[in-house]
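First comes the structure, then the notes that go with it.
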Amino acid sequence: MNRPITPEAPPATVTLLDVAKEAGVSPSTVSRILNGTARVDGAKRAAVEKAIKKLSFKPNLFARSLKTGTTMTVGILAQDIESPFYTRAMRGIEQGLADSGYAPIIVSGHWNAHEEAERIRLLQARRIDGLVILTGHLPDEDILNFAKQQPIVVTGRHLEGPSIRSHTIDHAAGGYLATKHLIGLGHRRVAHIAGPVDHVDAIARYKGYVRAHQEAGLALDPDLVVQGDFLEGGGLMAMNRLLDSGHAFTAVFAANDQSAFGARVAMYRRGIRVPDDVSLVGFDDLPVAAYLTPPLTTVRQPIYEVGLFAAQALLNMLGQPTPEVELPPLSLTVRETTRRL
């Protein structure tokens, strides 16, 4: 006769008292080590860490939250989590938060100020301890008001205020670098696939494009500026419009790498060789840019490092002294999509 199968008893929950007993210290010592609220003798700390590992102890974060008033979570407001740009930035944030005890909660604002505000309220309702805002359309005044609730680090703009850290990049300098490179190679008819008209970084990159022409004494042809949307599909359609217009050009500066990727496909489909027939420059230096055929010449902005900076700056604001990364300036990465005319 088969014996009935009885369910196994659930494993006993390991408590803070068990850890203290195993380590030979008081429960209060274990608590101080877990909370980081006071200095503890090195030998005792080592004994507690060994006991935690041996017993597979998992702190009760909910209980700790009630006791300390913190949740050990931080909010990350991106704009499009499918975008390789934001994926790269969030990788930097993830690395910056490593070993800090803080867990990120990521939401998307989709470049809509109303939606961005709603997402932040959602995060605040979950009692996050701090917030990183990766670019976006929220007015400065709204961000300053949100900062009254918890520390905020915001990228893509310069903003000063209590509980605020910000960082911005000189996108106009990047647009200038890209266009100057093409002009320096002898190109006199340089087209531009612009970014969205309501994005300050897209506007700044266009200004850099204009400045490079002015500095070289070249007249701007407005017919060579076509509207894109920072996405691959928008870059493809913009390049098709440019080619269909019949206006001659020998080089293109795309406002970001994703636009350049789409433009490259449009030229490939029409038998236009890059860089033999048309030179192409992007902006961002996304990781995949080095692995295109041919590899893309582009302006490198420190996307990963900006994410790292944001995480480390937020940790400092939350009382965890952390050395902050020094952000490198924009630079031109010359690969194989540009050639001398």
Side-chain angles (χ1 to χ4, degrees), residues 71 73-94 96-97 102-169 171 194-206 227-235 237-238 255-259 261-262 283-284 286 301 303-304 306-307 309-311 313-314 317-318:
T71 62
T73 57
V74 295
I76 312 296
L77 173 63
Q79 297 306 318
D80 180 3
I81 59 175
E82 289 186 341
S83 164
F85 176 92
Y86 289 103
T87 300
R88 185 69 175 156
M90 287 187 287
R91 179 69 185 90
I93 293 174
E94 180 183 49
L97 293 176
Y102 282 93
I105 301 177
I106 302 167
V107 295
S108 296
H110 304 112
W111 293 104
N112 180 294
H114 176 74
E115 191 170 345
E116 290 171 33
E118 287 300 313
R119 295 296 178 269
I120 291 176
R121 294 188 185 99
L122 173 65
L123 290 170
Q124 289 182 333
R126 292 178 176 270
R127 299 180 59 210
I128 56 171
D129 297 329
L131 174 66
V132 173
I133 300 176
L134 295 172
T135 67
H137 282 335
L138 267 178
D140 289 351
E141 183 180 352
D142 288 358
I143 295 176
L144 291 170
N145 284 331
F146 283 127
K148 295 175 182 178
Q149 305 298 318
Q150 73 275 113
I152 291 179
V153 177
V154 58
T155 70
R157 71 181 79 195
H158 178 71
L159 185 60
E160 294 182 354
S163 300
I164 287 278
R165 286 289 302 277
S166 66
H167 180 270
T168 187
I169 287 174
H171 293 277
V197 294
D198 59 347
H199 284 43
V200 293
D201 48 356
I203 295 169
R205 293 172 196 181
Y206 170 73
Q227 194 63 52
D229 59 4
F230 275 170
L231 300 175
E232 293 86 349
M237 290 188 289
N256 73 340
D257 283 356
Q258 290 173 258
S259 297
F261 299 161
F283 196 115
D284 283 337
L286 298 174
Q301 66 164 318
I303 306 169
Y304 171 86
V306 166
F309 164 84
L314 187 60
M317 297 172 75
L318 292 171

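Nothing fancy with the numbering, it's 1 onward along the sequence. In what follows, every heavy atom counts, from backbone to side chain, and hydrogens, waters and symmetry copies are set aside.
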Check whether [X] reaches the backbone of [Y] with its side chain - one donor and one acceptor, N or O, closer than 3.5 Å.
| X | Y | value |
| --- | --- | --- |
| Asp284 | Leu286 | no |
| Arg205 | Ala255 | yes |
| Glu116 | His110 | no |
| Asn256 | Phe230 | yes |
| Ser108 | Ala78 | no |

Next on the checklist: Looking at Ile81, I want to see if its CD1 is surrounded by more than 12 non-hydrogen atoms of other residues, nucleotides or ligands under 6.0 Å.
Outcome noted: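 No, because the 6.0 Å sphere around CD1 of Ile81 holds 12 heavy atoms or fewer from other groups.
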Next on the checklist: Students often mix this up, so state it plainly: with edges at 30° and 60°, are the rings of His137 and His199 parallel, tilted or perpendicular?
Outcome noted: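 Plane angle over 60°, so perpendicular.
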Working to the nearest 0.5 angstrom, can you tell me the gap between [X] [atom1] and [Y] [atom2]?
| X | Y | atom1 | atom2 | answer |
| --- | --- | --- | --- | --- |
| Thr87 | Glu94 | OG1 | CD | 11.0 Å |
| Ile143 | Leu77 | CD1 | CG | 9.0 Å |
| Leu138 | Arg157 | CG | CZ | 6.5 Å |
| His114 | Arg119 | NE2 | CZ | 9.0 Å |
| Leu131 | Ile152 | CG | CD1 | 5.0 Å |
| Met317 | Asp129 | CE | CG | 12.5 Å |

Which atoms form the tightest heavy-atom contact between [X] and [Y], and what is the distance?
| X | Y | result |
| --- | --- | --- |
| Ala147 | Pro162 | CB-O, 3.8 Å |
| Ile93 | Ala311 | O-CB, 3.6 Å |
| Pro104 | Leu97 | CB-CD1, 4.1 Å |

A side-chain contact here means heavy atoms from C-beta on lying under 4.5 Å apart; do [X] and [Y] qualify?
| X | Y | answer |
| --- | --- | --- |
| Met90 | Leu134 | yes |
| Trp111 | Asp198 | no |
| Asp142 | Ile120 | no |
| Ile133 | Phe146 | no |
| Ile169 | Val306 | yes |
| Gln79 | Phe85 | no |

Item to check | Trace of the side chain to side chain contact (heavy atoms under 4.5 Å, CB included) decision for Leu314 with Tyr102 | outcome: CA-CA 11 Å; Leu314 187 60; Tyr102 282 93; over 6 Å; no
Checklist entry - Which of these passes side chain to side chain contact (heavy atoms under 4.5 Å, CB included) with Ile106: Val74, Ile76, Val132, Leu123? => result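 It is Ile76; the other options fail the test.
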